Novice: 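Before anything else, here's the structure in question.
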Amino acid sequence: MNDKIYLSSPHMGGTEQGYVTEALSSNWISSSDLNLNKFEYGLETYLGAGNYITALSSGTAAIHLSLIMLGVGQDDEVLCQSMTFSASANPIVYQGATPVFIDSEPDTWNLCPVHLESAIKDRISKGKKPKAIVAVHLYGMPCKVDEITAISKKYDIPLIEDSAEALGSSYKGKKCGTFGHFSILSFNGNKIITTSGGGALVCRDQKNKEHALFLATQARDEAPHYQHSHIGYNYRMSNVCAGIGRGQMEVLDKHVALRQEMHAFYKEIFLNISEVSVFEAPNNDYISNHWLSCIRFNIVNNKFNPDGLREALLAENIESRPLWKPMHLQPIFKNSPYYGNTTCETLFNTGLCLPSGSNLTETDRQRIATTITKYFNS
Ligand SMILES: *Cc1c(COP(=O)(O)O)cnc(C)c1O
């Protein structure tokens, strides 16, 4: 059997180990936050002025902290893109609040501004104004940022930008991770860069960053003993993990370019396969890092369908995966309100994510191309 080709696996640049070793040999003491400081500074420089990073244990923790900092609490409602990874929605429930799910639009597969606005109007008319909006850039494709930001401003509802999949993407020349009241990033093993596990909260000022750091490190008041006036969290990234991140920052641009090349590779393969469309940006305002390359079946029948292609790839030890199953169709969220039609449901039923790692070799690509071509010529 050939080696397994993964959807998206960690890709080290080479310098990570040195930074980790440095952290280990300093025995976690003396200037022990060096990697953390360098990693955060690297991200701030990358995102540009006005962005303040707190490195955390996960992207999920970053969403949780942003909800806490926006004052989301018991019985509040938070609007959330339905088609996403469950980590976008779970922290809403950690706060005792209710997620209100919104359909996607077909251009970017992300939060539909039209359904978002009708949901806001309806929730307000029912007596409760939502406390926040969670918008996602799925697979690295920026959402309709201008339209969503305008709604956030019009109704004065803060926006949380879930940029877990979109580091290296941009919208109208501005980087993803810089929009809304808070943004979050993820450095999980399958993301565009990794710290083995980790994430970051992006604040828009130093004061919020300091508050995030305070909450993420058990909310200790200033005193020689342990004194607490707030509930704290153990959400800080370790300096060892940050060493991996520090090295990964050095190859971020290169790895984004390689993911984008994978997308070009799929466009080439599917050029003459009319059953399938490769997911791409609606226009030049949207630059995707193409974290994952995705396709959609234009027609699904007994001969050609996403599951059939997935199994054909699996038989060659090549991983592929259905698109994110919408949250409003998940058993755990079946009682949550939903606004929209069937756009995200149809995407889920007709789409597939293909191997997209920046570390795939020419041999890997050949195997993928051969398997796909064979499936459609059968
Ligand atoms: C990965 C991911 C997260 C969560 O990040 P973790 O670091 O795994 O906690 C949140 N939202 C989306 C859309 C993601 O893909």
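Order of appearance sets the numbers: ligands from 1, and atoms from 1 within every ligand. Note that the coordinates shown come from a computational prediction; the quantities given were computed from them, not determined experimentally.
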Novice: Would you call the rings of His263 and His290 parallel, tilted or perpendicular, taking 30° and 60° as the class edges?
Specialist: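 Answer is parallel, since the angle falls under 30°.
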
Novice: Determine whether any heavy atom of Gly199 lies closer than 4.0 Å to an atom of ligand 1.
Specialist: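 Outside the 4.0 Å threshold, so no.
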
Novice: How far is atom 11 (N) of ligand 1 from its nearest protein heavy atom, and which residue and atom is that?
Specialist: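 Protein heavy atom with the smallest distance to atom 11 (N) of ligand 1: Asp162 OD2, 2.7 Å.
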
Novice: Flag Gly59 as yes when one of its N or O atoms lies below 3.5 Å from any N or O atom of ligand 1, and as no otherwise.
Specialist: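 N/O-N/O distance under 3.5 Å: yes.
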
Novice: Give me the ring orientation class for His64 and Tyr233: parallel if the planes are under 30° apart, tilted from 30 to 60°, perpendicular past 60°.
Specialist: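 It falls in the perpendicular class, over 60°.
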
Novice: Taking 4.0 angstrom as the limit and counting only heavy atoms of Thr60, give me the atoms of ligand 1 inside it, by number and element.
Specialist: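 Those qualifying, in numeric order: 4 (C), 5 (O), 6 (P), 9 (O).
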
Novice: Which atoms of ligand 1 are found less than 4.0 Å from any heavy atom of Ser186?
Specialist: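 Per the distance check, 1 (C), 5 (O), 6 (P), 7 (O), 8 (O).
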
Novice: At a 4.0 Å cut-off, with the gap strictly under it, does some heavy atom of Ala61 reach an atom of ligand 1?
Specialist: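 Ala61 does not count as a contact of ligand 1 under the 4.0 Å cut-off.
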
Novice: Within 45 degrees of the axis of the six-membered ring of Phe214 and under 6.0 Å from its centre: does Arg220 put its NZ or CZ there?
Specialist: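 Verdict for Phe214: no cation-pi partner in Arg220.
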
Novice: If the contact criterion is a heavy-atom separation under 4.0 Å, does Lys191 count as touching ligand 1?
Specialist: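 A heavy atom of Lys191 does come that close to ligand 1.
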
Novice: Taking the six-membered ring for Trp, are Phe270 and Phe376 parallel (under 30°), tilted (30 to 60°) or perpendicular (over 60°)?
Specialist: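 Phe270 and Phe376: perpendicular rings.
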
Novice: Counting only heavy atoms, which portion of Ser58 has something under 4.0 Å from ligand 1: side chain, backbone, both, or neither?
Specialist: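 The answer is both.
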
Novice: Can you sort out which atoms of ligand 1 are near Asn188, meaning under 4.0 Å from one of its heavy atoms?
Specialist: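 Contacts of ligand 1 toward Asn188, numbered from 1: 8 (O).
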
Novice: By number and element, which atoms of ligand 1 are closer than 4.0 Å to a non-hydrogen atom of Ala164?
Specialist: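 Numbered from 1, ligand 1 contributes 2 (C), 3 (C), 10 (C), 11 (N), 12 (C), 14 (C).
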
Novice: Regarding atom 4 (C) of ligand 1: of the candidates Ala200, Ala87, Gly140, Gly189, which has the closest heavy atom?
Specialist: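 Of the listed residues, Ala87 has the closest heavy atom.
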
Novice: Is a side-chain donor-acceptor pair under 3.5 Å present for Gln248 with His11?
Specialist: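 Side chains of His11 and Gln248: no pair found under 3.5 Å.
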
Novice: Is it the case that ligand 1 has an N or O less than 3.5 angstrom from some N or O of Trp291?
Specialist: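 No - when backbone and side-chain N and O of Trp291 are compared with those of ligand 1, no distance drops under 3.5 Å.
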
Novice: With a sphere of 6.0 Å drawn around CG of Asn301, does it hold more than 12 non-hydrogen atoms of other residues, nucleotides or ligands?
Specialist: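 Enclosed.
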
Novice: Enumerate the atoms of ligand 1 whose separation from the nearest heavy atom of Val136 is less than 4.0 angstrom.
Specialist: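 Reading through ligand 1 atom by atom, the close ones are 13 (C).
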
Novice: Above 12 or not: heavy atoms from other molecules or residues under 6.0 Å from CD of Glu311?
Specialist: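 Correct, the count exceeds 12.
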
Novice: Under 3.5 Å between some N or O of ligand 1 and some N or O of Glu165?
Specialist: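 Checking ligand 1 against Glu165, an N or O pair does fall under 3.5 Å apart.
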
Novice: With a cut-off of 4.0 Å, which atoms of ligand 1 are near a heavy atom of Gly198?
Specialist: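 Selected atoms, number and element: 7 (O).
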
Novice: I'd like to check which ligand 1 atoms, numbered from 1 as shown, lie under 4.0 Å from a non-hydrogen atom of Ser88.
Specialist: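 Near Ser88, meaning under 4.0 Å from one of its heavy atoms, ligand 1 has 11 (N), 13 (C).
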
Novice: If the cut-off is 4.0 Å to any non-hydrogen atom of Thr84, which atoms of ligand 1 fall inside it?
Specialist: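 Selected atoms, number and element: 13 (C).
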
Novice: Over 60° means perpendicular and under 30° means parallel, so classify the ring planes of Trp291 and Tyr139, tilted if in between.
Specialist: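 If you compare the ring of Tyr139 with that of Trp291, the planes turn out parallel.
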
Novice: Just checking, any donor-acceptor pair under 3.5 angstrom between side chains of Asn190 and Asn188?
Specialist: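 Checked: Asn190/Asn188 side chains pair up, N/O donor to acceptor below 3.5 Å.
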
Novice: Relative to Tyr46, does Lys175 satisfy both conditions: NZ or CZ under 6.0 angstrom from the six-membered ring centre, and within 45 degrees of the ring's axis?
Specialist: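 Flagged: Lys175 positioned over aromatic ring of Tyr46.
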
